[in-house]
A.B. asks: 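Below you'll find the structure I mean.
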Amino acid sequence: MDERERFLIRYAGGFAPEPIARAEGAWLETESGKRVLDFTSGQICSTLGHNHPRVNGAIRQTLDRVSHLNSWMLSEPVLALAERLAGLFPAGLDRVLLLSTGSESTEVGLKMAKLYSGRFEVAGLTRSFHGLLAGIASVNYSMAHQGYGPLLPGAFAIPAPYAYRCPVKHCDGACDCTCLEIGFDLVDQASVGSLCAFIAEPILSTGGIIVPPDGYFRRARELCDERGMLLVLDEAQTGFGRVGTMFAFEHDGVVPDVVAVSKTLGGGLPLAATVTSDAIEDDCFAKGFIHVTSHVSDPLPAAAGLAVLEAIEEDGLVEQSARLGEYLLARLRELQTEHEQIGDVRGRGLLVGLELVEDRETRAPANALGAAMTQECYERGLSMNIVRSGGSANCLRLAPPLIVTDEEIDLAVEIMDASLRAVVGAGVRS
Ligand SMILES: Cc1ncc(COP(=O)(O)O)c(C=O)c1O
């Protein structure tokens, strides 16, 4: 441990064993020269890999011109990014607010939904994560509620479509959306008549890579429309190619009322956006909508975001993510045949989860095994992380950069195989 760690507030448990000196593509290098394959893309942000030349070039060029401005001043990178983003989304998602973090983009989504509808009740999915600002954290059901006092009134939970452990004990392996119907029924019964929005991740990542069944969001759209609720989708992790389509919502062919994008937009720089319709923007503007932050519409991160979008398009990274995702899933399913402890493998594109269990019969979550395996993998040169949700910490999340190669995937699977054998051999099973 570096002595200087004692000057830092510990914001999420401990820190990695050694500081990172540099990073490139899918690789990290520690101060002592150890190389680690980065299968979390930093904090799921470095979609293009680390230090992408196009992103670095755009940052350098913008630094020499202007990096930060007063919030009412616009610049070429901001205008160009807004136009490009609006062009990527379907009609009905026409207006863009450029922000810094995922928490902000979801918070703004809900603020606009409230102002537009004049109502305040919001439903979210159990096991969801949308950020840690006080407002949006009220509809986070995966963590961080205990110890911080009251949440916003009017926040409701709908059971997540977690087919491997059906929340209503109804399905097994394939969700039939009963949880969604029951969830809206419960919301109706709890509501004081002020239903405003339903917010969801199209694939729940922090909650354990939970992939809703086909048609789930079409049904959610109907249920929202019946109640006059807005559909707000949080594409922080799934947007811009990560799941093999430009946006995850394309899978069901729905058009949400509001989309929040963040992590995967900035190429590692803090950049996020809330996107909505002309009608919602006009209405909110007329009602005096205000959301001014220090770094709203900053040129520097906007230039990085523009470079990310150009690279994704020109290098065919959406298609690459779909192909490599299939390959990664196939390799992990092979691994599953070798290890009783791998209960489930699931995901879409390059957002993949692997759930560890004591045995496949009881499906008891193997939390200690998950922690030991993550550590063993890191020591052997693979960084990935455990996602913690609903009291368990047994789902390994793999989200490599979209520029990862087949060989790097093979290497990661080899390291996982050897690590799992080693920790199970050492007696860690539960
Ligand atoms: C789906 C989702 N939404 C929002 C956030 C919050 O983003 P940030 O940490 O940039 O505030 C995260 C972060 O993990 C996330 O996964």
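Along the sequence shown, residues are numbered consecutively beginning with 1. Every heavy atom of this structure was used, including side-chain atoms; hydrogens, water molecules and symmetry mates were not. Remember, it's 1-based here, ligands and their atoms both numbered in the order they're listed.
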A.B. asks: When rounded to the nearest 0.5 angstrom, what distance separates CD1 in Ile209 from CD in Glu201?
C.D. replies: 9.0 Å
A.B. asks: Under the side chain to side chain donor-acceptor pair (under 3.5 Å) test against Ser41, which residue among His50, Lys263, Arg242 passes?
C.D. replies: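 It is Arg242; the other options fail the test.
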A.B. asks: Looking at residues at least two apart in the chain, or sitting in another chain, which of them share a ring pair (Phe, Tyr, Trp, His ring centres under 6.0 Å) with Phe39?
C.D. replies: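 Expected list: none.
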A.B. asks: Indicate whether any N or O donor in one side chain lies under 3.5 Å from an N or O acceptor in the other, for Gln237 and Ser205.
C.D. replies: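 Present: a donor and an acceptor within the cut-off.
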A.B. asks: Please enumerate all residues that pass salt bridge (charged side-chain N to carboxylate O under 4.0 Å, His left out) together with Arg331, with sequence neighbours excluded.
C.D. replies: Glu334, Asp410
A.B. asks: Can you name the ring pair (Phe, Tyr, Trp, His ring centres under 6.0 Å) partners of His68, sequence neighbours left out?
C.D. replies: His295
A.B. asks: Applying a heavy-atom distance cut-off of 4.0 Å, which protein residues contact ligand 1?
C.D. replies: Thr101, Gly102, Ser103, Phe129, His130, Gly131, Glu201, Asp234, Ala236, Gln237, Lys263
